[in-house]
Amino acid sequence: MIDKEKITAAVRLLLEGIGEDPTREGLLDTPERVARMYEEIFGGMDEDAGEHLSKQFSAPGSEIVIEKDISFHSTCEHHLLPFFGKVHIAYIPNGKVAGLSKLPRTVEVFARRPQIQEQMTVQIADAIEQHLQAKGVMVMIEAEHTCMNMRGVKKPGCKTVTTATRGEFKDNVERQRLFMDEVRQWNA
């Protein structure tokens, strides 16, 4: 549960720590604004992906479902700076499929937490495998990290790609290639 009073107090201390005056006109409401923003961008802390993935429809005989280019914004747990990009998901249904909006909602559950990309990739794949009882799952995330863009190495435009495979995607290079080809084809 987000504690807006603690966030407000912490932001005031942060402003003082960088040499600012939190009582000056332009910053007077900043601590409360940041607390409201954090309540929104970290809203996934209290959410369960299973709630979204519980809405399923019968689809016997379905083979591979691919949903790609799911935009997301998250916050790096190491620097508390944003990272953002696209999530691509493929799964092999086990007689049931999720509503199309449920996969992006699942992404949001995990993106709206202090996070690392590698962990987020695994969490999404595990949630789909567990809650849909999918025969196979593959998740790929392509993201740009502002902790690399604006500080440290300062390399804007650099993207990190992570993948997670489960079930029938795990050791099946042909299925993995099919997924990657579909992602590339649609991005062309």
Query raised in the report: Taking the side chain from Arg177 and the backbone from Val173, do they hold a donor-acceptor pair closer than 3.5 Å?
Result: no
Query - Residue pairs involving residues 33-62 (criterion ring pair (Phe, Tyr, Trp, His ring centres under 6.0 Å); sequence neighbours excluded) - result: Tyr38-Phe42
Query raised in the report: Would you say Glu32's side chain and Thr8's backbone share a donor-acceptor pair under 3.5 angstrom?
Result: no
Query raised in the report: What is the distance from atom CG of Leu53 to atom CG of Leu103, rounded to the nearest 0.5 Å?
Result: 6.5 Å
Query raised in the report: When you measure from the side chain of Gln56 to the backbone N and O of His131, does any donor-acceptor pair fall under 3.5 Å?
Result: yes
Query raised in the report: Quick one: are Val137 and Leu132 in side-chain contact, heavy atoms under 4.5 Å?
Result: no
Report summary line: Rounding to 0.5 Å, atoms OG1 (Thr165) and CE (Met140) come to a distance of 13.0 Å
Query raised in the report: What are the two closest non-hydrogen atoms of Gln123 and Phe110, and how far apart are they?
Result: OE1-CD2, 3.4 Å
Query raised in the report: So, do His145 and Leu81 sit near enough that their side-chain heavy atoms are less than 4.5 Å apart?
Result: no
**Report entry** Leu80, CG: over 12 other non-hydrogen atoms inside 6.0 angstrom
**Finding:** yes
Query raised in the report: Is any side-chain heavy atom of Leu100 closer than 4.5 Å to a side-chain heavy atom of Glu67?
Result: yes
Requested in this report: Mark yes or no for whether Tyr91, through its side chain, and Ala98, through its backbone, hold a donor-acceptor pair below 3.5 Å.
Outcome: yes
Query - Pairwise distance CD1(Ile89) to CD1(Ile128) - rounded to 0.5 angstrom - result: 4.0 Å
Requested in this report: Determine whether the side chains of His88 and Glu142 contain a donor N or O and an acceptor N or O closer than 3.5 Å.
Outcome: yes
Query - Atom pair NZ (Lys86) and OG (Ser71), whose distance is rounded to the nearest 0.5 Å - result: 3.5 Å
Query raised in the report: When you measure from the side chain of Arg112 to the backbone N and O of Glu40, does any donor-acceptor pair fall under 3.5 Å?
Result: yes
Query raised in the report: Around Met37, counting heavy atoms of other residues, nucleotides and ligands shown, do more than 12 lie under 6.0 Å from its CE?
Result: yes
Report task. Decide whether Gln117 and Thr162 meet the rule of one side-chain donor and one side-chain acceptor closer than 3.5 Å. Result -> yes
Report summary line: Residue set satisfying ring pair (Phe, Tyr, Trp, His ring centres under 6.0 Å) with His79, at least two apart, ordered chain then number -> none
Report summary line: When every non-hydrogen atom of Pro114 is compared with those of Glu77, the smallest separation belongs to O-OE1, 3.6 Å
Report task. Could you tell me which non-hydrogen atom of Asp46 sits nearest to which non-hydrogen atom of Ile2, and how far apart they are? Result -> OD2-N, 4.4 Å
Query raised in the report: Going by the angle between their ring planes, with limits at 30° and 60°, are Phe179 and Phe169 parallel, tilted or perpendicular?
Result: perpendicular
Report summary line: When every non-hydrogen atom of Val65 is compared with those of Pro93, the smallest separation belongs to CG2-CG, 3.8 Å
Report task. Run the salt-bridge test on Arg175 and Glu168 with the 4.0 Å N-O cut-off and return the result as yes or no. Result -> yes
Report summary line: When rounded to the nearest 0.5 Å, the distance separating CZ of Phe83 from OG1 of Thr160 is 9.5 Å
Query raised in the report: Taking side chain as C-beta onward, heavy atoms only, is Arg12 less than 4.5 Å from Pro31?
Result: yes
Report task. Examine Ile7 and Leu15 and state if one hydrophobic cluster contains both, with Ile, Leu, Val, Met, Phe, Trp and Tyr joined whenever side-chain heavy atoms are less than 4.5 Å apart. Result -> yes
Query raised in the report: So which heavy atom on Glu144 is nearest to which on Cys158, and how close?
Result: CG-O, 3.6 Å
Query raised in the report: Got Val87 and Met120 here, is their nearest side-chain heavy-atom distance under 4.5 Å?
Result: yes
Query - Lys55 side, atom NZ; Lys96 side, atom NZ - distance, nearest 0.5 Å - result: 10.0 Å
Report task. Compare every heavy atom of Lys170 with every heavy atom of Gln176, then report the nearest pair and how far apart it is. Result -> NE2-O, 3.1 Å
